[in-house]
Amino acid sequence: MFFQTWSDFFNMGGYGFYVWLSYAISLVAVIALIVQSVKQRKTVLQNVLREQQREERLQQANKGNTL
């Protein structure tokens with residue numbers, strides 16, 4: 001597709017509102033998914049670290065009881 005001016009490009013033959021709205025909604029959805037994934041990854045890593053620390057404390061407590 002070839003446009004004579006930037007205004008023609010943004011107008012998209014009268015369908016510009018729908019075209020740019022669909023791009024904006026898609027961009028918001030992708031950004032939301034990225035943010036959610038980063039937060040969820042952080043939560044999972046914190047839970048794994050907490051569980052590892054708990055296991056270490058349990059092992060040390062068991063070593064103290066067997067002596």
Side-chain angles (χ1 to χ4, degrees):
M1 217 178 220
F2 181 73
F3 299 102
Q4 296 293 330
T5 64
W6 282 106
S7 178
D8 289 341
F9 173 72
F10 289 117
N11 192 23
M12 297 265 174
Y15 296 102
F17 174 75
Y18 304 107
V19 171
W20 297 114
L21 182 62
S22 66
Y23 275 114
I25 290 171
S26 299
L27 181 64
V28 168
V30 168
I31 290 172
L33 287 171
I34 291 170
V35 169
Q36 179 189 12
S37 296
V38 168
K39 285 183 177 182
Q40 191 172 16
R41 180 180 185 270
K42 184 178 177 181
T43 301
V44 167
L45 291 176
Q46 286 175 345
N47 289 340
V48 168
L49 180 62
R50 190 176 317 132
E51 186 66 26
Q52 286 176 342
Q53 291 171 344
R54 179 181 173 272
E55 289 293 327
E56 288 176 8
R57 286 194 308 268
L58 287 173
Q59 286 178 358
Q60 288 184 3
N62 286 339
K63 284 181 185 178
N65 290 339
T66 58
L67 294 177

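Hydrogens, waters and symmetry mates are skipped; everything else that's a heavy atom, side chains included, is used.
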Under 4.5 Å side-chain linkage, directly or through intermediates, the cluster mates of Val35: Leu27, Ile31

According to ring pair (Phe, Tyr, Trp, His ring centres under 6.0 Å), does anything in residues 21-47 pair up with another residue at least two apart or in another chain? List the pairs. Trp20-Tyr23

Value rounded to 0.5 Å, distance of CD in Gln53 from CG in Leu58: 12.0 Å

Would you mind listing every salt bridge (charged side-chain N to carboxylate O under 4.0 Å, His left out) that reaches into residues 34-46, with sequence neighbours excluded? none

Who pairs with Gln60 by side chain to side chain contact (heavy atoms under 4.5 Å, CB included), at least two apart in sequence or on another chain? none

May I have the list of side-chain donor-acceptor pairs in residues 11-19 shorter than 3.5 Å, sequence neighbours left out?
none

What pairs with Arg50 under side-chain hydrogen bond (donor to acceptor under 3.5 Å, both in side chains), at least two apart in sequence or on another chain? Asn47

Go through the structure and list residues passing salt bridge (charged side-chain N to carboxylate O under 4.0 Å, His left out) with Glu56, not counting sequence neighbours. none

Atom pair CZ/CD of Arg54 and Gln52 - distance to nearest 0.5 Å: 13.0 Å

Who else is in the cluster with Val44 when I, L, V, M, F, W and Y are joined by side-chain contacts under 4.5 Å? Val48

Non-neighbouring partners of Val30 that pass side chain to side chain contact (heavy atoms under 4.5 Å, CB included), sequence neighbours left out: Ile34

For Leu33, which fellow cluster members are found when Ile, Leu, Val, Met, Phe, Trp and Tyr are connected by side-chain heavy-atom distances below 4.5 angstrom, either directly or through intermediates? none

Running the 4.5 Å side-chain criterion over Ile, Leu, Val, Met, Phe, Trp and Tyr, what cluster does Leu49 land in, apart from itself? none

